[in-house]
Amino acid sequence: MRRSSVQEDNEDVRRYWNQEACGTARPIVGEVPELSREWFERIESYRYELEPFIHSVAQFTRHHGQRMLEIGVGAGTDHLQWARAGLDCHGVDLTERAIEVTRARLALYGLTSYLQRIDAEILPFPDQSFDLVYSWGVIHHAEHPERIIAEVRRVLKPNGLFIGMLYGRHSLVALKLWVKYGLLRGRPDRTLAHVVAHHMESPGTKAYTIREVRELYAQFSQVTATPVLTPYDRLRLPAWLTQWLPARWGWFICIHAVK
């Protein structure tokens with residue numbers, strides 16, 4: 001497959017995320033100077049207040065000394081945790097903006113990573129290059145997620161570990177999108193997959209069932225897919241109700257897959 005064809009497939013996604021690295025919107029950062037320490041600290045605080053479970057899923061410090069690759073570095077928040085934990089860090093992203101922001105963030109703390117602006121459907125690394133590959137909420141934005149997952153497996157060493165997250169289709173977030181853009185607009189025939197693809201972040205966003213996640217990672221020797229109920233699922237729902245909601249209705253599916 002030619003790299004140019006892959007880039008064309010994901011061009012709409014690249015344009016969307018190149019406008020603003022994920023997690024850096026004005027309501028989050030306020031009026032503080034861009035790329036300043038306070039700017040980054042606000043981004044980090046917001047991310048881990050909303051998604052504190054990232055730490056228990058990633059277990060950053062447990063992987064000290066390993067060679068890792070992050071696919072989709074975004075604003076560099078998780079990438080900073082990997083670097084702080086003493087890993088040999090590499091990162092790729094579809095957008096120039098994310099690489100610029102992540103590089104600036106690491107520099108503030110005297111840390112480094114080998115960062116590249118590329119499309120992860122074709123990774124520029126030899127087979128069996130990494131102990132760990134990490135990707136949080138990124139792969140489902142690609143035109144062909146299965147190609148990225150195949151590349152992840154290729155670049156992992158034997159018994160190497162993938163840690164990440166994909167969106168869940170049988171979730172309250174997807175249901176609320178369907179109510180807003182399907183039912184209330186006289187289009188109850190629209191599927192959950194359709195409303196997610198057209199109304200969630202960049203064009204073509206995908207969301208999966210647990211079974212579909214297992215199928216995507218079928219070539220791995222072990223796969224754990226765990227749904228997590230998020231603040232995005234609970235949004236605008238009464239507190240008395242949210243305490244009874246099952247995790248299987250969660251927007252995030254957290255994944256551990258061993259090559």
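Note that the structure is predicted; figures quoted are calculated from it, not measured.
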Could you walk me through whether Thr77 and Tyr46 satisfy the side-chain contact (heavy atoms from CB on, under 4.5 Å) test, starting with their C-alpha distance in whole Å, then the side-chain angles of each, then the deciding distance to 0.1 Å, before giving a yes or no? CA-CA 10 Å; Thr77 306; Tyr46 181 84; over 6 Å; no
Between Ser113 (side chain) and Leu115 (backbone), is there a donor-acceptor pair under 3.5 Å? no
Which atom pair, heavy atoms only, marks the closest approach of Arg105 to Tyr109? O-CD1, 3.3 Å
ILVMFWY network linking Ile255 to Leu69, side-chain heavy atoms under 4.5 angstrom: yes
Does any part of the side chain of Leu229, heavy atoms only, come nearer than 4.5 Å to the side chain of Leu172, both counted from C-beta? yes
Can you name the closest pair of heavy atoms from Asp78 and Ile54 and give their distance? OD1-CG2, 3.9 Å
Looking at side-chain heavy atoms only, is the closest gap between Met68 and His63 below 4.5 Å? no
Residue pair Gln59 / Ile163, side-chain heavy-atom distance below 4.5 Å: no
Under 4.0 Å between a Lys/Arg side-chain N and an Asp/Glu carboxylate O for Arg154 and Asp127? yes
Starting at CD of Glu146, measure out to CD1 of Ile139 and round the result to the nearest 0.5 Å. 11.0 Å
If you take the centroid of each ring, where Trp contributes its six-membered ring, are Phe220 and Phe162 closer together than 6.0 Å? no
With a 4.5 Å heavy-atom cut-off, do Pro158 and Gln128 have their side chains touching? yes
dist Gln222:CD -> Asn159:CG (nearest 0.5 Å) comes out at 8.5 Å
State, with a plain yes or no, whether a side-chain heavy atom of Trp251 is found less than 4.5 Å away from one of Met200. yes
Rounded to the nearest 0.5 Å, how far does NE2 of His141 lie from CG of Leu166? 10.0 Å
Arg42 backbone acceptor or donor facing Ser45 side chain under 3.5 Å: no
Applying the side chain to side chain donor-acceptor pair (under 3.5 Å) test to Asn10, which of Arg15, Glu143, His144, Glu121 qualifies? Glu121
Could you report the tightest heavy-atom contact between Pro188 and Trp178, atom names first, then the distance? O-NE1, 3.4 Å
Distance, nearest 0.5 Å, that separates CG of Leu235 from OG1 of Thr242: 11.0 Å
Take atom OH in Tyr181; do more than 12 heavy atoms of anything else shown fall under 6.0 Å from it? yes
Please assess Glu100 against Leu35 for the test side-chain contact (heavy atoms from CB on, under 4.5 Å), listing each intermediate value before the final yes or no. CA-CA 10 Å; Glu100 170 195 345; Leu35 304 185; 4.2 Å; yes
Between Val73 and His79, which heavy-atom pair has the shortest distance, and what is it? CG1-ND1, 3.9 Å
Run through Trp82, Phe125, Tyr114 and flag the one making a ring pair (Phe, Tyr, Trp, His ring centres under 6.0 Å) with Phe130. Phe125
Does the pair Glu151/Arg147 count as a salt bridge with the N-to-O cut at 4.0 Å? no
Looking only at heavy atoms, which two atoms of Lys157 and Ser129 are closest? And how far apart? CE-O, 3.9 Å
Aromatic ring centroids of His55 and Tyr48 under 6.0 Å? yes
Cluster check Phe53, Trp249: I/L/V/M/F/W/Y, side chain < 4.5 angstrom: yes
Side-chain heavy atoms under 4.5 angstrom apart, residues restricted to Ile, Leu, Val, Met, Phe, Trp, Tyr: same cluster for Ile71 and Leu216? yes
So, do Leu184 and Val179 sit near enough that their side-chain heavy atoms are less than 4.5 Å apart? yes
So, does His140 use its side chain to make a donor-acceptor pair with the main chain of Thr205 at under 3.5 Å? no
Tell me if a side-chain donor or acceptor on Asp233 pairs with a main-chain N or O of Val173 at a distance below 3.5 Å. yes
In sequence, state the C-alpha distance, the side-chain angles, and the governing distance for His256 and Val57, and then conclude on side-chain contact (heavy atoms from CB on, under 4.5 Å). CA-CA 8 Å; His256 288 80; Val57 174; 3.7 Å; yes
Given 3.5 Å as the limit, does a donor-acceptor pair link the side chain of Lys176 with the main chain of Tyr232, or not? yes
Please check this pair: side chain of Ser221 against backbone of Val258, looking for a donor-acceptor N/O pair closer than 3.5 Å. yes
If every non-hydrogen atom of Leu106 is compared with every non-hydrogen atom of Ala83, which pair is closest and at what distance? CD2-CB, 4.0 Å
Does the side chain of Arg26 reach to within under 4.5 Å of the side chain of Glu31, using non-hydrogen atoms? yes
Test of understanding: clusters of I, L, V, M, F, W, Y form through side-chain heavy atoms closer than 4.5 Å, transitively. Do Trp136 and Tyr217 belong to the same one? no
Where does the angle between the aromatic ring planes of Phe252 and Tyr167 fall among parallel (under 30°), tilted (30 to 60°) and perpendicular (over 60°)? parallel
In the structure I gave you, are the side-chain heavy atoms of Glu51 and Thr230 within less than 4.5 Å of one another anywhere? no
Please identify which of these residues, Lys180, Arg190, His194, meets the side chain to side chain donor-acceptor pair (under 3.5 Å) condition with His199. Arg190
Salt bridge check, Glu44 against Arg47: does any charged N sit closer than 4.0 Å to a carboxylate O? no
Quick check: does any side chain N or O of Ser202 sit under 3.5 Å from a backbone N or O of Val13, one acting as donor and the other as acceptor? no
Going from OG1 on Thr102 to CG on Leu111, what distance comes out if it is rounded to the nearest 0.5 angstrom? 12.5 Å
Nearest-0.5 Å distance that lies between atom CG in Leu80 and atom SG in Cys89: 9.0 Å
